[in-house]
Amino acid sequence: MKLFKKGLLLVAIPGAFELGLLGILYTSQENARQAEMWSLHSKNVIIQATEVREPVLLQSARLRAAIILSNPSELGKSDLWDSIEKEIGELRDLVVDNPQQSQAVDRIRASVEQYRQWTDIQSDLLRNGKRDELIAGLRDPKAVFLIQVIQRQLRDFMKVEDGLDQERQLQVAEARKLQNIALIVALIGSILAAAAAARIFSRDVGGRLSVLTGNAHKLSEGGVLAERVGGNDEISELDKVLHESSARLKQAEENARQYREDLERHARELTSLNEDLQRQTQDNEMFIYSVSHDLRSPLVNLQGFSKELHHAIRELHDTISASDLSDNDKQRIHDLIEDDVEVSLKFIRTAVTRSASIIDSMLRLSRVGRVEYQPQLTNVDDVVGRVIDAMSNTIRERQALVVSQPLPPCYGDPTAIEQIFGNLIGNAINYLDARRPGTVEIGALPPDPGQPGFRTYYVKDNGLGIPADYLGKMFSAFNRLHADVAQGEGVGLALIKRIVMRHGGKIWVESTEGVGTTFYTSLPIRPAEQAEGQLA
(Lines give C-alpha, C1' and ligand atoms only; values in the text may rest on other atoms or scores of the structure.)
Protein backbone atom coordinates (compact mmCIF):
# COMPACT_ATOMS: atom_id res chain seq x y z
CA MET A 1 0.00 0.00 0.00
CA LYS A 2 1.34 3.42 -0.96
CA LEU A 3 2.16 6.01 1.66
CA PHE A 4 -0.62 8.22 0.36
CA LYS A 5 -3.26 5.58 1.09
CA LYS A 6 -1.70 4.81 4.46
CA GLY A 7 -1.70 8.48 5.27
CA LEU A 8 -5.33 8.77 4.23
CA LEU A 9 -6.26 5.92 6.55
CA LEU A 10 -4.23 7.38 9.40
CA VAL A 11 -6.00 10.68 8.90
CA ALA A 12 -9.45 9.41 7.94
CA ILE A 13 -10.07 7.03 10.89
CA PRO A 14 -9.20 9.53 13.67
CA GLY A 15 -10.75 12.26 11.59
CA ALA A 16 -14.08 10.43 11.31
CA PHE A 17 -14.05 9.77 15.05
CA GLU A 18 -13.22 13.37 15.83
CA LEU A 19 -15.83 14.55 13.33
CA GLY A 20 -18.52 12.60 15.21
CA LEU A 21 -17.33 14.03 18.50
CA LEU A 22 -17.34 17.50 17.03
CA GLY A 23 -20.91 16.91 15.83
CA ILE A 24 -22.00 15.98 19.35
CA LEU A 25 -20.12 18.96 20.76
CA TYR A 26 -21.68 21.28 18.20
CA THR A 27 -25.19 19.92 18.98
CA SER A 28 -24.74 20.39 22.72
CA GLN A 29 -23.31 23.86 22.18
CA GLU A 30 -26.24 24.78 19.95
CA ASN A 31 -28.73 23.48 22.55
CA ALA A 32 -27.02 25.51 25.26
CA ARG A 33 -27.07 28.59 23.05
CA GLN A 34 -30.76 28.15 22.34
CA ALA A 35 -31.53 27.64 26.04
CA GLU A 36 -29.61 30.80 26.91
CA MET A 37 -31.46 32.73 24.24
CA TRP A 38 -34.81 31.59 25.62
CA SER A 39 -33.74 32.41 29.17
CA LEU A 40 -32.65 35.85 28.07
CA HIS A 41 -35.94 36.19 26.20
CA SER A 42 -37.90 35.51 29.40
CA LYS A 43 -35.96 38.20 31.24
CA ASN A 44 -36.64 40.67 28.44
CA VAL A 45 -40.38 39.85 28.62
CA ILE A 46 -40.46 40.43 32.40
CA ILE A 47 -38.62 43.74 31.97
CA GLN A 48 -41.01 44.79 29.24
CA ALA A 49 -44.04 43.92 31.47
CA THR A 50 -42.59 46.18 34.13
CA GLU A 51 -42.32 48.93 31.53
CA VAL A 52 -46.10 48.61 30.95
CA ARG A 53 -47.01 48.98 34.62
CA GLU A 54 -45.06 52.16 35.28
CA PRO A 55 -46.95 54.51 32.91
CA VAL A 56 -50.33 53.09 34.12
CA LEU A 57 -49.50 53.99 37.71
CA LEU A 58 -48.11 57.35 36.58
CA GLN A 59 -51.37 58.12 34.73
CA SER A 60 -53.38 57.25 37.87
CA ALA A 61 -51.21 59.58 39.94
CA ARG A 62 -51.60 62.33 37.33
CA LEU A 63 -55.43 62.02 37.57
CA ARG A 64 -55.43 62.29 41.36
CA ALA A 65 -53.15 65.32 41.27
CA ALA A 66 -55.41 67.06 38.76
CA ILE A 67 -58.47 66.46 40.96
CA ILE A 68 -56.73 67.67 44.11
CA LEU A 69 -55.36 70.80 42.38
CA SER A 70 -58.51 71.30 40.26
CA ASN A 71 -56.20 71.65 37.23
CA PRO A 72 -57.39 69.55 34.27
CA SER A 73 -54.61 70.81 31.97
CA GLU A 74 -52.39 67.80 32.62
CA LEU A 75 -55.22 65.39 31.77
CA GLY A 76 -55.32 66.56 28.17
CA LYS A 77 -51.89 65.13 27.43
CA SER A 78 -51.78 61.77 25.66
CA ASP A 79 -48.07 61.00 26.03
CA LEU A 80 -48.54 58.42 28.79
CA TRP A 81 -51.28 56.65 26.92
CA ASP A 82 -49.08 56.56 23.81
CA SER A 83 -46.23 55.17 25.89
CA ILE A 84 -48.52 52.55 27.42
CA GLU A 85 -49.75 51.50 24.00
CA LYS A 86 -46.19 51.33 22.66
CA GLU A 87 -44.95 49.22 25.60
CA ILE A 88 -47.92 46.83 25.30
CA GLY A 89 -47.23 46.48 21.55
CA GLU A 90 -43.59 45.62 22.19
CA LEU A 91 -44.64 43.16 24.88
CA ARG A 92 -47.08 41.55 22.46
CA ASP A 93 -44.28 41.18 19.90
CA LEU A 94 -42.03 39.47 22.46
CA VAL A 95 -44.60 36.74 23.30
CA VAL A 96 -46.02 36.27 19.83
CA ASP A 97 -44.68 32.68 19.83
CA ASN A 98 -46.51 31.87 23.13
CA PRO A 99 -50.30 31.77 22.59
CA GLN A 100 -51.08 31.75 26.36
CA GLN A 101 -48.99 34.82 27.05
CA SER A 102 -50.28 36.52 23.89
CA GLN A 103 -53.82 36.15 25.19
CA ALA A 104 -52.73 37.53 28.55
CA VAL A 105 -51.25 40.62 26.81
CA ASP A 106 -54.54 41.08 24.95
CA ARG A 107 -56.40 41.01 28.25
CA ILE A 108 -54.01 43.55 29.71
CA ARG A 109 -54.55 45.80 26.69
CA ALA A 110 -58.37 45.51 27.13
CA SER A 111 -58.12 46.37 30.84
CA VAL A 112 -55.89 49.38 30.08
CA GLU A 113 -58.37 50.56 27.46
CA GLN A 114 -61.25 50.23 29.94
CA TYR A 115 -59.25 52.20 32.50
CA ARG A 116 -58.52 54.87 29.89
CA GLN A 117 -62.22 55.26 29.11
CA TRP A 118 -62.99 55.68 32.82
CA THR A 119 -60.18 58.25 33.09
CA ASP A 120 -61.60 60.22 30.14
CA ILE A 121 -65.00 60.39 31.91
CA GLN A 122 -63.33 61.74 35.06
CA SER A 123 -61.42 64.29 33.02
CA ASP A 124 -64.65 65.59 31.44
CA LEU A 125 -66.27 65.94 34.86
CA LEU A 126 -63.24 67.93 36.10
CA ARG A 127 -63.33 70.24 33.11
CA ASN A 128 -67.10 70.84 33.50
CA GLY A 129 -66.72 71.65 37.19
CA LYS A 130 -68.80 68.73 38.40
CA ARG A 131 -66.65 68.17 41.42
CA ASP A 132 -69.25 66.34 43.45
CA GLU A 133 -69.83 63.76 40.76
CA LEU A 134 -66.01 63.47 40.30
CA ILE A 135 -65.44 62.78 44.00
CA ALA A 136 -68.29 60.30 44.01
CA GLY A 137 -66.67 58.56 40.97
CA LEU A 138 -63.35 58.36 42.75
CA ARG A 139 -65.01 56.84 45.76
CA ASP A 140 -66.62 54.25 43.52
CA PRO A 141 -64.88 50.85 44.13
CA LYS A 142 -64.83 50.34 40.36
CA ALA A 143 -62.07 52.92 40.02
CA VAL A 144 -59.78 51.07 42.40
CA PHE A 145 -60.76 47.75 40.86
CA LEU A 146 -59.63 48.79 37.36
CA ILE A 147 -56.12 49.56 38.56
CA GLN A 148 -55.96 46.40 40.60
CA VAL A 149 -57.11 44.34 37.61
CA ILE A 150 -54.26 45.71 35.47
CA GLN A 151 -51.72 45.12 38.25
CA ARG A 152 -53.00 41.61 38.90
CA GLN A 153 -52.92 40.77 35.21
CA LEU A 154 -49.35 42.04 34.98
CA ARG A 155 -48.34 40.06 38.09
CA ASP A 156 -49.93 36.90 36.69
CA PHE A 157 -48.22 37.52 33.36
CA MET A 158 -44.81 38.00 34.96
CA LYS A 159 -45.35 35.00 37.22
CA VAL A 160 -46.00 32.78 34.22
CA GLU A 161 -42.96 34.24 32.47
CA ASP A 162 -40.86 33.82 35.61
CA GLY A 163 -41.84 30.15 35.67
CA LEU A 164 -40.77 29.84 32.05
CA ASP A 165 -37.52 31.57 32.94
CA GLN A 166 -36.81 29.06 35.71
CA GLU A 167 -37.51 26.16 33.36
CA ARG A 168 -35.21 27.69 30.77
CA GLN A 169 -32.50 28.25 33.38
CA LEU A 170 -32.66 24.56 34.18
CA GLN A 171 -32.40 23.81 30.45
CA VAL A 172 -29.35 26.09 30.19
CA ALA A 173 -27.69 24.32 33.12
CA GLU A 174 -28.45 20.93 31.62
CA ALA A 175 -27.19 22.02 28.20
CA ARG A 176 -23.98 23.39 29.74
CA LYS A 177 -23.47 20.14 31.58
CA LEU A 178 -23.94 18.13 28.39
CA GLN A 179 -21.62 20.55 26.57
CA ASN A 180 -18.87 20.08 29.15
CA ILE A 181 -19.28 16.32 29.01
CA ALA A 182 -19.10 16.40 25.18
CA LEU A 183 -16.01 18.64 25.33
CA ILE A 184 -14.24 16.27 27.73
CA VAL A 185 -15.19 13.26 25.60
CA ALA A 186 -14.00 15.03 22.44
CA LEU A 187 -10.69 15.98 24.07
CA ILE A 188 -10.05 12.47 25.39
CA GLY A 189 -11.15 10.95 22.07
CA SER A 190 -8.82 13.25 20.09
CA ILE A 191 -5.90 12.32 22.34
CA LEU A 192 -6.66 8.62 21.99
CA ALA A 193 -7.07 8.92 18.19
CA ALA A 194 -3.77 10.84 17.92
CA ALA A 195 -2.03 8.29 20.12
CA ALA A 196 -3.38 5.41 18.03
CA ALA A 197 -2.29 7.11 14.79
CA ALA A 198 1.15 7.84 16.25
CA ARG A 199 1.47 4.23 17.37
CA ILE A 200 0.57 2.94 13.92
CA PHE A 201 2.92 5.43 12.25
CA SER A 202 5.75 4.57 14.62
CA ARG A 203 5.40 0.83 14.08
CA ASP A 204 4.90 0.82 10.32
CA VAL A 205 6.43 3.98 8.89
CA GLY A 206 8.75 5.36 11.56
CA GLY A 207 10.91 2.26 11.90
CA ARG A 208 11.35 1.91 8.16
CA LEU A 209 12.12 5.62 7.84
CA SER A 210 14.78 5.20 10.52
CA VAL A 211 16.42 2.44 8.45
CA LEU A 212 16.12 4.62 5.35
CA THR A 213 17.73 7.57 7.14
CA GLY A 214 20.57 5.37 8.34
CA ASN A 215 21.17 4.13 4.80
CA ALA A 216 21.22 7.73 3.54
CA HIS A 217 23.88 8.68 6.13
CA LYS A 218 25.94 5.61 5.28
CA LEU A 219 25.65 6.44 1.58
CA SER A 220 26.91 9.99 2.21
CA GLU A 221 29.81 8.63 4.28
CA GLY A 222 30.63 5.83 1.85
CA GLY A 223 29.69 3.06 4.29
CA VAL A 224 27.93 -0.25 3.73
CA LEU A 225 24.13 0.05 3.58
CA ALA A 226 21.79 -2.07 5.70
CA GLU A 227 19.45 -4.63 4.18
CA ARG A 228 16.61 -3.29 2.09
CA VAL A 229 13.41 -2.42 3.93
CA GLY A 230 10.28 -4.40 3.11
CA GLY A 231 7.04 -3.16 1.59
CA ASN A 232 5.96 -1.80 -1.74
CA ASP A 233 5.51 1.87 -0.94
CA GLU A 234 7.62 4.95 -1.59
CA ILE A 235 9.93 4.19 1.34
CA SER A 236 10.91 0.84 -0.11
CA GLU A 237 11.32 2.42 -3.55
CA LEU A 238 13.52 5.16 -2.12
CA ASP A 239 15.59 2.60 -0.23
CA LYS A 240 15.96 0.68 -3.48
CA VAL A 241 17.21 3.86 -5.17
CA LEU A 242 19.72 4.37 -2.34
CA HIS A 243 21.09 0.84 -2.81
CA GLU A 244 21.29 1.34 -6.56
CA SER A 245 23.00 4.71 -6.02
CA SER A 246 25.47 3.06 -3.66
CA ALA A 247 26.28 0.47 -6.31
CA ARG A 248 26.69 3.16 -8.96
CA LEU A 249 28.86 5.25 -6.64
CA LYS A 250 31.12 2.31 -6.02
CA GLN A 251 31.35 1.71 -9.74
CA ALA A 252 31.96 5.43 -10.30
CA GLU A 253 34.70 5.41 -7.66
CA GLU A 254 36.30 2.46 -9.38
CA ASN A 255 36.02 4.24 -12.74
CA ALA A 256 37.38 7.46 -11.19
CA ARG A 257 40.32 5.53 -9.74
CA GLN A 258 40.99 4.02 -13.14
CA TYR A 259 40.65 7.45 -14.76
CA ARG A 260 43.05 8.96 -12.24
CA GLU A 261 45.60 6.25 -12.94
CA ASP A 262 45.16 6.78 -16.70
CA LEU A 263 45.36 10.56 -16.24
CA GLU A 264 48.50 10.29 -14.14
CA ARG A 265 50.01 7.96 -16.73
CA HIS A 266 49.06 10.36 -19.55
CA ALA A 267 50.39 13.27 -17.48
CA ARG A 268 53.71 11.50 -17.08
CA GLU A 269 53.75 10.73 -20.80
CA LEU A 270 52.82 14.34 -21.59
CA THR A 271 55.54 15.62 -19.27
CA SER A 272 58.03 13.36 -20.97
CA LEU A 273 56.80 14.48 -24.39
CA ASN A 274 57.00 18.14 -23.34
CA GLU A 275 60.52 17.61 -22.13
CA ASP A 276 61.38 15.87 -25.39
CA LEU A 277 59.67 18.63 -27.35
CA GLN A 278 61.50 21.28 -25.39
CA ARG A 279 64.80 19.50 -26.01
CA GLN A 280 63.90 19.12 -29.68
CA THR A 281 62.94 22.78 -29.86
CA GLN A 282 66.21 23.75 -28.26
CA ASP A 283 68.05 21.35 -30.55
CA ASN A 284 66.21 22.78 -33.56
CA GLU A 285 67.04 26.33 -32.51
CA MET A 286 70.64 25.35 -31.97
CA PHE A 287 70.62 23.51 -35.30
CA ILE A 288 69.09 26.52 -37.08
CA TYR A 289 71.60 28.80 -35.41
CA SER A 290 74.47 26.47 -36.22
CA VAL A 291 73.36 25.89 -39.80
CA SER A 292 72.76 29.60 -40.30
CA HIS A 293 76.20 30.35 -38.88
CA ASP A 294 77.85 27.61 -40.93
CA LEU A 295 76.06 28.69 -44.11
CA ARG A 296 77.16 32.29 -43.71
CA SER A 297 80.85 31.37 -44.26
CA PRO A 298 80.37 29.82 -47.72
CA LEU A 299 77.98 32.61 -48.66
CA VAL A 300 80.55 35.19 -47.61
CA ASN A 301 83.19 33.31 -49.63
CA LEU A 302 80.90 33.13 -52.65
CA GLN A 303 80.17 36.82 -52.38
CA GLY A 304 83.87 37.63 -51.98
CA PHE A 305 84.96 35.39 -54.86
CA SER A 306 82.22 36.78 -57.11
CA LYS A 307 83.53 40.28 -56.44
CA GLU A 308 87.08 39.15 -57.18
CA LEU A 309 85.87 37.51 -60.40
CA HIS A 310 84.11 40.76 -61.27
CA HIS A 311 87.37 42.69 -60.80
CA ALA A 312 89.32 39.98 -62.68
CA ILE A 313 86.90 40.26 -65.62
CA ARG A 314 87.56 43.99 -65.82
CA GLU A 315 91.32 43.32 -65.84
CA LEU A 316 90.71 40.64 -68.43
CA HIS A 317 88.85 43.23 -70.56
CA ASP A 318 91.79 45.58 -70.29
CA THR A 319 94.28 42.81 -71.11
CA ILE A 320 92.33 41.69 -74.18
CA SER A 321 91.94 45.26 -75.37
CA ALA A 322 95.75 45.69 -75.15
CA SER A 323 96.53 42.34 -76.82
CA ASP A 324 97.40 41.74 -80.51
CA LEU A 325 94.28 39.74 -81.17
CA SER A 326 92.14 40.65 -84.08
CA ASP A 327 89.14 42.79 -83.55
CA ASN A 328 86.83 39.87 -84.23
CA ASP A 329 88.55 37.74 -81.62
CA LYS A 330 88.40 40.59 -79.14
CA GLN A 331 84.70 41.15 -79.76
CA ARG A 332 83.96 37.45 -79.52
CA ILE A 333 85.81 37.19 -76.16
CA HIS A 334 84.09 40.36 -74.93
CA ASP A 335 80.65 39.03 -75.81
CA LEU A 336 81.47 35.72 -74.18
CA ILE A 337 82.48 37.44 -70.95
CA GLU A 338 79.50 39.82 -70.87
CA ASP A 339 76.83 37.37 -71.96
CA ASP A 340 77.94 34.34 -69.97
CA VAL A 341 80.34 35.15 -67.18
CA GLU A 342 78.78 38.47 -66.04
CA VAL A 343 75.26 37.09 -66.19
CA SER A 344 76.34 34.03 -64.22
CA LEU A 345 78.02 36.22 -61.62
CA LYS A 346 74.89 38.33 -61.34
CA PHE A 347 72.79 35.22 -60.67
CA ILE A 348 75.35 34.08 -58.09
CA ARG A 349 75.18 37.44 -56.27
CA THR A 350 71.34 37.36 -56.34
CA ALA A 351 71.29 33.79 -54.97
CA VAL A 352 73.76 34.74 -52.23
CA THR A 353 71.61 37.73 -51.20
CA ARG A 354 68.44 35.60 -51.24
CA SER A 355 70.12 32.87 -49.17
CA ALA A 356 71.36 35.42 -46.64
CA SER A 357 67.84 36.86 -46.31
CA ILE A 358 66.40 33.38 -45.73
CA ILE A 359 69.03 32.66 -43.10
CA ASP A 360 68.19 35.95 -41.32
CA SER A 361 64.48 35.02 -41.39
CA MET A 362 65.25 31.59 -39.93
CA LEU A 363 67.22 33.25 -37.12
CA ARG A 364 64.35 35.68 -36.37
CA LEU A 365 61.84 32.83 -36.32
CA SER A 366 64.01 30.81 -33.94
CA ARG A 367 64.49 33.80 -31.59
CA VAL A 368 60.74 34.48 -31.16
CA GLY A 369 60.36 31.74 -28.56
CA ARG A 370 63.45 32.91 -26.63
CA VAL A 371 62.68 36.61 -26.34
CA GLU A 372 61.63 37.59 -22.80
CA TYR A 373 58.52 39.77 -22.96
CA GLN A 374 57.77 42.64 -20.57
CA PRO A 375 53.93 42.64 -20.48
CA GLN A 376 52.15 45.83 -19.44
CA LEU A 377 49.00 47.78 -20.25
CA THR A 378 49.68 48.97 -23.79
CA ASN A 379 48.00 51.90 -25.57
CA VAL A 380 47.11 50.32 -28.91
CA ASP A 381 46.11 53.70 -30.38
CA ASP A 382 49.68 54.95 -29.86
CA VAL A 383 51.19 51.73 -31.26
CA VAL A 384 49.09 51.87 -34.44
CA GLY A 385 49.81 55.59 -34.78
CA ARG A 386 53.57 54.94 -34.75
CA VAL A 387 53.20 52.14 -37.30
CA ILE A 388 51.19 54.37 -39.67
CA ASP A 389 53.68 57.22 -39.30
CA ALA A 390 56.58 54.86 -40.11
CA MET A 391 54.78 53.68 -43.26
CA SER A 392 53.63 57.13 -44.37
CA ASN A 393 55.98 57.17 -47.39
CA THR A 394 54.75 53.79 -48.64
CA ILE A 395 51.13 54.86 -48.00
CA ARG A 396 51.66 57.97 -50.17
CA GLU A 397 53.29 55.95 -52.92
CA ARG A 398 50.35 53.54 -52.97
CA GLN A 399 47.89 56.46 -52.68
CA ALA A 400 46.08 54.47 -49.98
CA LEU A 401 43.63 55.64 -47.32
CA VAL A 402 44.40 54.24 -43.86
CA VAL A 403 41.67 54.72 -41.23
CA SER A 404 42.24 53.82 -37.57
CA GLN A 405 39.16 53.57 -35.34
CA PRO A 406 39.44 54.19 -31.57
CA LEU A 407 41.32 51.17 -30.19
CA PRO A 408 41.02 50.05 -26.55
CA PRO A 409 44.24 49.11 -24.74
CA CYS A 410 45.52 45.56 -24.34
CA TYR A 411 47.93 43.85 -21.96
CA GLY A 412 51.18 42.70 -23.56
CA ASP A 413 54.74 43.51 -24.55
CA PRO A 414 54.62 46.89 -26.37
CA THR A 415 57.39 45.95 -28.83
CA ALA A 416 55.70 42.64 -29.68
CA ILE A 417 52.31 44.38 -30.07
CA GLU A 418 53.92 46.86 -32.46
CA GLN A 419 55.39 43.95 -34.46
CA ILE A 420 51.90 42.43 -34.79
CA PHE A 421 50.20 45.57 -36.11
CA GLY A 422 53.25 46.57 -38.14
CA ASN A 423 53.23 43.28 -40.04
CA LEU A 424 49.43 43.21 -40.56
CA ILE A 425 49.19 46.85 -41.67
CA GLY A 426 52.29 46.46 -43.86
CA ASN A 427 50.84 43.41 -45.60
CA ALA A 428 47.51 45.21 -46.10
CA ILE A 429 49.27 48.14 -47.80
CA ASN A 430 51.65 45.99 -49.87
CA TYR A 431 48.91 43.78 -51.29
CA LEU A 432 46.41 46.48 -52.30
CA ASP A 433 44.91 46.23 -55.77
CA ALA A 434 46.50 48.82 -58.06
CA ARG A 435 43.36 48.88 -60.21
CA ARG A 436 41.23 50.67 -57.55
CA PRO A 437 41.78 53.13 -54.70
CA GLY A 438 43.13 51.25 -51.70
CA THR A 439 41.68 51.50 -48.19
CA VAL A 440 42.90 49.96 -44.96
CA GLU A 441 40.82 50.03 -41.75
CA ILE A 442 42.09 49.19 -38.26
CA GLY A 443 39.49 48.68 -35.50
CA ALA A 444 38.23 46.55 -32.61
CA LEU A 445 35.17 44.33 -32.29
CA PRO A 446 32.68 44.74 -29.41
CA PRO A 447 33.50 42.70 -26.28
CA ASP A 448 32.74 38.99 -26.64
CA PRO A 449 30.94 37.46 -23.58
CA GLY A 450 32.58 34.15 -24.46
CA GLN A 451 36.06 35.71 -24.00
CA PRO A 452 35.75 38.19 -21.12
CA GLY A 453 39.50 38.63 -20.73
CA PHE A 454 40.32 39.35 -24.39
CA ARG A 455 39.73 42.05 -27.01
CA THR A 456 39.60 41.29 -30.73
CA TYR A 457 41.27 43.73 -33.16
CA TYR A 458 41.07 43.63 -36.94
CA VAL A 459 42.97 44.97 -39.97
CA LYS A 460 40.75 45.12 -43.04
CA ASP A 461 41.74 45.98 -46.64
CA ASN A 462 40.18 45.96 -50.09
CA GLY A 463 43.24 44.48 -51.72
CA LEU A 464 43.92 41.46 -53.92
CA GLY A 465 42.38 38.95 -51.49
CA ILE A 466 43.40 35.34 -50.84
CA PRO A 467 42.04 32.23 -52.58
CA ALA A 468 40.01 29.96 -50.32
CA ASP A 469 42.32 26.97 -50.82
CA TYR A 470 45.31 29.04 -49.68
CA LEU A 471 43.84 30.37 -46.41
CA GLY A 472 45.06 27.36 -44.41
CA LYS A 473 48.67 28.04 -45.42
CA MET A 474 48.76 31.73 -44.51
CA PHE A 475 50.52 31.26 -41.18
CA SER A 476 53.09 28.70 -42.35
CA ALA A 477 56.69 29.83 -42.82
CA PHE A 478 58.11 30.36 -46.33
CA ASN A 479 54.68 30.21 -48.01
CA ARG A 480 54.14 33.26 -50.19
CA LEU A 481 51.23 34.38 -52.31
CA HIS A 482 51.50 37.21 -54.85
CA ALA A 483 55.32 37.00 -54.67
CA ASP A 484 55.54 39.32 -57.66
CA VAL A 485 53.69 42.13 -55.83
CA ALA A 486 55.91 42.60 -52.75
CA GLN A 487 59.26 41.40 -51.50
CA GLY A 488 59.73 39.05 -48.53
CA GLU A 489 60.56 35.54 -47.48
CA GLY A 490 57.10 34.46 -46.23
CA VAL A 491 57.89 34.28 -42.50
CA GLY A 492 56.10 37.44 -41.30
CA LEU A 493 52.72 35.87 -40.53
CA ALA A 494 54.39 32.83 -38.95
CA LEU A 495 56.31 35.18 -36.65
CA ILE A 496 53.13 37.11 -35.81
CA LYS A 497 51.24 33.91 -35.00
CA ARG A 498 53.93 32.82 -32.55
CA ILE A 499 53.89 36.27 -30.89
CA VAL A 500 50.09 36.22 -30.54
CA MET A 501 50.11 32.68 -29.14
CA ARG A 502 52.76 33.62 -26.59
CA HIS A 503 50.35 36.34 -25.40
CA GLY A 504 47.63 33.71 -25.02
CA GLY A 505 45.58 35.03 -27.95
CA LYS A 506 44.49 33.83 -31.38
CA ILE A 507 44.86 35.06 -34.95
CA TRP A 508 42.77 34.15 -37.98
CA VAL A 509 41.94 35.50 -41.43
CA GLU A 510 38.86 35.95 -43.59
CA SER A 511 39.26 36.82 -47.25
CA THR A 512 37.59 36.87 -50.64
CA GLU A 513 39.79 36.87 -53.71
CA GLY A 514 39.48 40.13 -55.64
CA VAL A 515 37.49 41.79 -52.81
CA GLY A 516 39.78 42.10 -49.79
CA THR A 517 41.14 40.51 -46.63
CA THR A 518 40.52 40.94 -42.89
CA PHE A 519 42.97 39.69 -40.26
CA TYR A 520 41.64 39.24 -36.69
CA THR A 521 43.74 38.91 -33.57
CA SER A 522 42.58 38.53 -29.96
CA LEU A 523 44.85 39.92 -27.26
CA PRO A 524 44.46 39.95 -23.43
CA ILE A 525 43.20 43.07 -21.68
CA ARG A 526 44.50 42.10 -18.22
CA PRO A 527 47.22 39.88 -16.74
CA ALA A 528 46.70 36.15 -17.12
CA GLU A 529 46.21 35.69 -13.34
CA GLN A 530 43.33 38.21 -13.25
CA ALA A 531 41.68 36.70 -16.33
CA GLU A 532 41.81 33.23 -14.79
CA GLY A 533 40.35 34.57 -11.53
CA GLN A 534 37.46 36.22 -13.36
CA LEU A 535 36.70 33.06 -15.31
CA ALA A 536 36.79 31.03 -12.08
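In this text, all values refer to a predicted model and were calculated from it rather than measured experimentally.
The heavy-atom pair separating Ser511 from Leu471 by the smallest distance is CB-CD2, 4.0 Å. Nearest heavy atoms, Ser404 versus Ile388: CB-CD1, 4.3 Å. Residues Pro408 and Val380 come closest through the heavy atom pair O-CG2, 3.4 Å. When all heavy atoms are compared, the tightest approach of Phe454 to Pro524 is CD2-N, 3.5 Å. The nearest pair of heavy atoms linking Gly422 to Val387 is CA-CG1, 3.6 Å. Heavy atoms only, all atoms of each residue included: Gln405 and Gly443 are closest at CB-CA, 4.0 Å.
For Gln258, the CD atom is densely surrounded, since the number of other residues' heavy atoms within 6.0 Å is greater than 12. Atom CZ of Arg435 has 12 or fewer heavy atoms from other residues, nucleotides or ligands within 6.0 Å.
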Gln419 and Ile499: side chain to side chain contact (heavy atoms under 4.5 Å, CB included), yes or no, with the steps? CA-CA 9 Å; Gln419 283 183 277; Ile499 293 173; 3.8 Å; yes
Evaluate Arg257 against Glu261 for salt bridge (charged side-chain N to carboxylate O under 4.0 Å, His left out), listing each step before the verdict. CA-CA 6 Å; Arg257 185 188 63 78; Glu261 293 178 356; 2.5 Å; yes
Evaluate the side chain to side chain contact (heavy atoms under 4.5 Å, CB included) criterion for residues Val459 and Thr518: first the C-alpha distance (whole Å), next the side-chain angles of each, then the deciding distance (0.1 Å), finally the verdict. CA-CA 6 Å; Val459 177; Thr518 303; over 6 Å; no
Could you walk me through whether Thr456 and Asp448 satisfy the side chain to side chain contact (heavy atoms under 4.5 Å, CB included) test, starting with their C-alpha distance in whole Å, then the side-chain angles of each, then the deciding distance to 0.1 Å, before giving a yes or no? CA-CA 8 Å; Thr456 299; Asp448 184 3; 5.7 Å; no
Going through the checks in order, is the side-chain hydrogen bond (donor to acceptor under 3.5 Å, both in side chains) test met by Glu441 and Tyr458? CA-CA 8 Å; Glu441 179 184 353; Tyr458 66 87; 2.8 Å; yes
Derivation of the side chain to side chain contact (heavy atoms under 4.5 Å, CB included) call for Val403 and Leu401: CA-CA 6 Å; Val403 179; Leu401 174 63; 3.9 Å; yes
Chi angles and distances behind the ring-ring contact (aromatic ring centres under 6.0 Å, His included) call for Tyr457, Phe519: CA-CA 8 Å; Tyr457 304 88; Phe519 280 90; over 10 Å; no
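Residues Leu432 and Thr439 have side chains not in contact (no heavy-atom distance under 4.5 Å, counting atoms from C-beta outward). Between Leu377 and Arg526 there is no side-chain heavy-atom pair separated by less than 4.5 Å. With contacts defined as side-chain heavy-atom distances shorter than 4.5 Å, the pair Thr415/Ile417 does not qualify.
Distance alone, capped at 3.5 Å, is enough to place a donor-acceptor pair between the Thr378 side chain and the Gln376 backbone. Looking only at distances, no side-chain donor or acceptor of Ser272 sits under 3.5 Å from a matching main-chain atom of Arg268. Put simply, the side chain of Arg455 never gets that close to the backbone of Leu407: no donor and acceptor are under 3.5 Å apart. A donor-acceptor pair is defined here as one N or O able to donate and one able to accept, closer than 3.5 Å; no such pair exists between the side chain of Asp433 and the backbone of Arg436.
Taking the six-membered ring where the residue is Trp, the centroids of His503 and Tyr373 are separated by under 6.0 Å.
Between Glu269 and Arg265, at least one side-chain nitrogen of the basic residue sits less than 4.0 Å from a carboxylate oxygen of the acidic one, meeting the salt-bridge criterion. Comment: Glu264 does not engage Arg260 in a salt bridge, judged by the lack of any side-chain N to carboxylate O separation of less than 4.0 angstrom. A salt bridge is absent between Asp389 and Arg386; no separation between the charged side-chain nitrogens and carboxylate oxygens falls under 4.0 Å.
Taken from CD1 in Ile496 to CG in Asn423, the straight-line distance is 4.0 Å, to the nearest 0.5 Å. For the atom pair OG1 (Thr517) and CG (Leu464), the distance works out to 8.0 Å, reported to the nearest 0.5 Å. With rounding to the nearest 0.5 angstrom, the CG atom of Leu263 is 10.0 Å from the CG atom of Leu270. Rounding to the nearest 0.5 Å places OG of Ser392 at 10.0 Å from CD of Glu397. Note that CG of Leu424 is 10.5 Å distant from CG of Asp461, once rounded to the nearest 0.5 Å. A distance of 5.5 Å separates CD1 in Ile429 from CE in Met391, rounded to the nearest 0.5 Å.
Using the six-membered ring where Trp is involved, Trp508 and Tyr520 have ring planes that are parallel, under 30° apart on the 30 and 60° scheme.
When only modelled atom types and interatomic distance are considered, Asn255 and Gln251 share a side-chain donor-acceptor pair under 3.5 Å.
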